[in-house]
Asker: 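Pasting in a structure now, in structure tokens, and then I'll have a few things to ask.
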Amino acid sequence: MTEEKWGQLRNRLLKTVGQNNFKTWIEPLEFDTVDGGVAVFKVPTNFMGNYVSQNFADLILHELSMSGEHVQRLAFRVAANSPSRPAGPAASAEAYGDAEGDVAVMAAPAASAAASAAGKDTLEALQAAPLDPRFTFDSFVVGKPNELAHAAARRVGEGGPVTFNPLVLYGGVGLGKTHLMHAIAWELKEKNPSLNVLYLSAEQFMYRFVQALRERKMMDFKHLFRSVDVLMVDDVQFIAGKDSTQEEFFHTFNALVDQNKQIIISADRAPGEIKDLEERVKSRLQCGLVVDLHPTDYELRLGILQTKVQQQRETYPDLRIADGVLEFLAHRISTNVRVLEGALTRLFAFASLVGREIDMDLTQDCLADVLRASERKITVEEIQRKVSEYYNIRMSDIIGPKRLRSYARPRQVAMYLCKQLTSRSLPEIGRRFGGRDHTTVMHGVKRIEELKLTDGQIAEDVEMLRRSLEA
């Protein structure tokens, strides 16, 4: 078979297996010879030879046959000095040429059972982020701020046809993103124990990637992450600014989507609002279902407290809680569910130690610091009023359409402070500033961040306003 014929065959394989599989597994193959019905290919590593034999040998044999070649088997030989192929920033450290000698000739239909089993063992060992048994759908309290996210997570947890890919859950700290991620994983594993569900944080993904680069095991890394049935990555904002990691995440994402495998992502903000996240990664994340977990309302917080009280009674069966205490806590601790749950846990432990009923006096004594921290909630309107007074302009000019510098800069300062001091999302902030788009808010926030580093007056203004608002 000539090189020209192999080139034509490669083009047909590209159309069949797709761009990602082709780039990863077919493009690195180098045709050598056809001898005695055996087609020999040079490969960068033993692992690649095994993987191609297991997953693409039948297809390659079929294409060879269609080309008029009389080939019954494939063989793969590791080149002693296999050249690296360009694959972006990660290419320089990929595991090419890290093995020597020949790969044994294999019948095309034969699968490498040992390699497959080893891959499964590796997958199980990799799940370094253990699932929390408390985080199930049964223990998730549903309210208006999180009902859409809960419904979407439930749908994905049912398994079946992949409809939302990826499912992206985003929101502030302590609103239930990780709880829903764990709940999906538990549900999927219960319905199908053989399913390869891989849950890890973005930091763990980055660590594994760097480790694979360092140990020259990139092909193992690629195979590992691209052979899962469900990939779940928590806190994806942590890969922002890490160019090589983002590139590998992008290719992993594409490979899994091409195979119709489910991807679930969480982040602390919408993909479009994550600074230093590559546009192509943002675009990929936005192509699925993106769901916001809104800050909790009073009814949801009260429901969470009532559920947690039932759990606490298992540990403290004799403790009583007076009427009005839960309602008081639901009103006063409004920013973070974890703080709310932690306050209740402390309250029960303290009451048990002192042997008293949980009444209002004990609650205020025990949680004095938590209640102080939650005492004031800064609003967008309060920030707008403070900024307009500070710059001696009308509040209507802060909100209005005028783009004069004397109004635009205070408006950007106010947007920046709203982003820093409130839990409002960028679209919500934009609506409070005369119905502006969230991209306008993003620009304003970014501009003030830049000016704080170069303009001493702006830095001083922002700091004084912040202190005044938090006083």
Asker: I'd like to check the ring-ring contact (aromatic ring centres under 6.0 Å, His included) partners of Tyr391; sequence neighbours left out, ordered by chain and number.
Answerer: none
Asker: Is any side-chain heavy atom of Met219 closer than 4.5 Å to a side-chain heavy atom of His223?
Answerer: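 Met219 vs His223: side chains apart.
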Asker: For Ile239 and Gln246, work out which heavy atoms get closest and say how close.
Answerer: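 Looking at all heavy atoms of both residues, the shortest contact is O-CG, 3.3 Å.
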Asker: Apply side chain to side chain contact (heavy atoms under 4.5 Å, CB included) to residues Phe253 and Val281 and explain how you reach the verdict.
Answerer: CA-CA 9 Å; Phe253 188 108; Val281 177; over 6 Å; no
Asker: With a sphere of 6.0 Å drawn around CZ of Arg409, does it hold more than 12 non-hydrogen atoms of other residues, nucleotides or ligands?
Answerer: yes
Asker: First locate atom CZ of Arg226, then atom NE2 of His251, and finally report the distance between them rounded to the nearest 0.5 Å.
Answerer: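 Arg226 atom CZ to His251 atom NE2 measures 7.0 Å (nearest 0.5 Å).
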Asker: Who passes ring-ring contact (aromatic ring centres under 6.0 Å, His included) against Phe205, sequence neighbours left out?
Answerer: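 Expected list: Phe221, Phe225, Phe249.
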Asker: Within the 4.5 Å heavy-atom criterion, are Pro410 and Ile398 side-chain neighbours or not?
Answerer: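 Yes, their side chains come closer than 4.5 Å.
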Asker: Counting neighbours of OH on Tyr207 that are heavy atoms of other residues, nucleotides or ligands and sit closer than 6.0 Å, is the number greater than 12?
Answerer: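 12 or below, so no.
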Asker: Could you tell me which non-hydrogen atom of Lys282 sits nearest to which non-hydrogen atom of Leu277, and how far apart they are?
Answerer: CE-O, 3.1 Å
Asker: Does anything in residues 170-182 pair up under salt bridge (Lys or Arg N to Asp or Glu O under 4.0 Å), and if so which pairs, sequence neighbours excluded?
Answerer: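 The answer is none; no pair qualifies.
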Asker: The criterion is side-chain hydrogen bond (donor to acceptor under 3.5 Å, both in side chains); which residues satisfy it with Thr245, sequence neighbours excluded?
Answerer: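 With neighbours one apart ignored, the set is empty.
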Asker: Tell me, please, which residues at least two apart from Arg346 pass side-chain hydrogen bond (donor to acceptor under 3.5 Å, both in side chains).
Answerer: Asp369
Asker: Check whether any side-chain N or O of Asp229 sits under 3.5 Å from a backbone N or O of Val197 as a donor-acceptor pair, and report yes or no.
Answerer: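 Checked: no pair found.
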Asker: Working to the nearest 0.5 angstrom, can you tell me the gap between Tyr199 OH and Thr178 OG1?
Answerer: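 Answer rounded to 0.5 Å: 4.5 Å.
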Asker: Could you give the distance from CG (Leu169) to CG (Leu293), rounded to the nearest 0.5 Å?
Answerer: 6.0 Å
Asker: Which value, rounded to the nearest 0.5 Å, describes the distance between Leu367 atom CG and Leu344 atom CG?
Answerer: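 Reported value, rounded in 0.5 Å steps: 9.0 Å.
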Asker: Kindly give the heavy-atom pair with the smallest separation between Leu188 and Gly157, and that separation in Å.
Answerer: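 Result for this residue pair: CD2-O, 3.6 Å.
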Asker: When you measure from the side chain of Ser266 to the backbone of Asp235, do you find a donor-acceptor pair of N or O atoms at a distance under 3.5 Å?
Answerer: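 It does hold such a pair.
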Asker: With a 3.5 Å cut-off and sequence neighbours excluded, list the donor-acceptor pairs that the side chains of residues 312-331 form with protein atoms.
Answerer:
unit_1: Gln312; atom_1: NE2; unit_2: Thr345; atom_2: OG1; d: 3.2
unit_1: Arg313; atom_1: NH1; unit_2: Leu319; atom_2: O; d: 2.8
unit_1: Glu327; atom_1: OE1; unit_2: Gly324; atom_2: N; d: 3.4

Asker: How long is the straight-line distance from CG of Asp397 back to CG of Asn392, given to the nearest 0.5 Å?
Answerer: 11.0 Å
Asker: More than 12 foreign heavy atoms under 6.0 Å from CE of Met464: is that the case here?
Answerer: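 Not more than 12 within 6.0 Å, no.
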Asker: Any side-chain heavy atom of Lys308 within less than 4.5 Å of one from Gln311?
Answerer: yes
Asker: Give every residue pair that meets the ring-ring contact (aromatic ring centres under 6.0 Å, His included) criterion with at least one member in residues 149-175, sequence neighbours excluded.
Answerer: Phe137-His150, Phe140-His150
Asker: Please enumerate all residues that pass side-chain hydrogen bond (donor to acceptor under 3.5 Å, both in side chains) together with Arg385, with sequence neighbours excluded.
Answerer: none
Asker: Quick check: does any side chain N or O of Asp292 sit under 3.5 Å from a backbone N or O of Ala270, one acting as donor and the other as acceptor?
Answerer: no
Asker: Of all the heavy-atom pairs spanning Thr422 and Thr379, show the shortest one and how long it is.
Answerer: CG2-C, 4.3 Å
Asker: Would you indicate whether the side-chain heavy atoms of Leu231 and Leu200 approach each other to under 4.5 Å?
Answerer: yes
Asker: Can you find a heavy atom in the side chain of Val233 that is under 4.5 Å from one in the side chain of Phe238?
Answerer: no
Asker: Arg338 and Glu341: salt bridge (Lys or Arg N to Asp or Glu O under 4.0 Å), yes or no, with the steps?
Answerer: CA-CA 5 Å; Arg338 290 179 193 165; Glu341 293 176 352; over 6 Å; no
Asker: Give a yes or no on whether the backbone of Phe348 and the side-chain of Ser352 come within a donor-acceptor separation of less than 3.5 Å.
Answerer: no
Asker: Identify all side-chain donor-acceptor contacts of residues 426-438 below 3.5 Å with residues at least two apart in sequence or on another chain.
Answerer:
unit_1: Glu428; atom_1: OE1; unit_2: Ser425; atom_2: N; d: 2.9
unit_1: Glu428; atom_1: OE1; unit_2: Ser425; atom_2: OG; d: 3.3
unit_1: Arg432; atom_1: NH1; unit_2: Glu381; atom_2: OE1; d: 3.4
unit_1: Arg432; atom_1: NH1; unit_2: Glu381; atom_2: OE2; d: 2.6
unit_1: Arg436; atom_1: NH1; unit_2: Ile399; atom_2: O; d: 2.9
unit_1: Arg436; atom_1: NH1; unit_2: Gly400; atom_2: O; d: 3.3
unit_1: Arg436; atom_1: NH1; unit_2: Phe433; atom_2: O; d: 2.7
unit_1: Arg436; atom_1: NH2; unit_2: Gly400; atom_2: O; d: 2.6
unit_1: Asp437; atom_1: OD2; unit_2: Thr439; atom_2: N; d: 2.9
unit_1: Asp437; atom_1: OD2; unit_2: Thr439; atom_2: OG1; d: 2.6

Asker: I would like to know whether Ser227 and Asn196 meet side-chain hydrogen bond (donor to acceptor under 3.5 Å, both in side chains); could you show each step before the answer?
Answerer: CA-CA 8 Å; Ser227 60; Asn196 281 329; 5.9 Å; no
Asker: Of the non-hydrogen atoms in Ile274 and Ala267, which two are nearest, and what is the gap between them?
Answerer: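 Heavy-atom minimum between the residues: CD1-CB, 4.0 Å.
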Asker: Tell me, do Leu362 and Leu347 make a side-chain contact under 4.5 Å, heavy atoms counted?
Answerer: yes
Asker: What distance do Gln237 atom CD and Glu273 atom CD have between them, rounded to the nearest 0.5 Å?
Answerer: 12.0 Å
Asker: Between Arg411 and Gly444, is there a donor-acceptor pair closer than 3.5 Å when you use the side chain of the first and the backbone of the second?
Answerer: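 No; judged by distance alone, with no hydrogens or angles, the pair does not exist.
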Asker: What are the two closest non-hydrogen atoms of Pro271 and Gln286, and how far apart are they?
Answerer: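 Distance-wise, the nearest heavy atoms are CB-CG, 3.9 Å.
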Asker: May I ask you to decide if Glu248's main-chain N or O and Thr252's side chain share a donor-acceptor pair within less than 3.5 Å?
Answerer: yes
Asker: ring-ring contact (aromatic ring centres under 6.0 Å, His included) with Phe135: which residues, sequence neighbours excluded?
Answerer: His179, His182
Asker: Any side-chain heavy atom of Lys15 sitting closer than 4.5 Å to one from Phe22?
Answerer: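 No - every pair of side-chain heavy atoms lies 4.5 Å or more apart.
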Asker: With sequence neighbours left out, write down each residue that passes side chain to side chain contact (heavy atoms under 4.5 Å, CB included) with Asp361, or none if nothing qualifies.
Answerer: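 So Asp361 forms a side chain to side chain contact (heavy atoms under 4.5 Å, CB included) with Arg356, Asp359.
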Asker: Partners of Glu278 by side-chain hydrogen bond (donor to acceptor under 3.5 Å, both in side chains), sequence neighbours excluded?
Answerer: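 Expected list: Arg280.
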Asker: Are Gln211 and Arg214 linked by a side-chain donor-acceptor pair shorter than 3.5 Å?
Answerer: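 No, no side-chain donor-acceptor contact under 3.5 Å.
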Asker: Are Val370 and Val339 packed together at the side-chain level, in the sense that at least one heavy-atom pair is separated by less than 4.5 angstrom?
Answerer: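 A side-chain contact exists here, since the closest heavy-atom pair is under 4.5 Å.
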Asker: After noting the C-alpha distance and the side-chain angles of Leu213 and Met218, does the key distance pass the side chain to side chain contact (heavy atoms under 4.5 Å, CB included) rule?
Answerer: CA-CA 6 Å; Leu213 288 175; Met218 273 306 300; 3.7 Å; yes
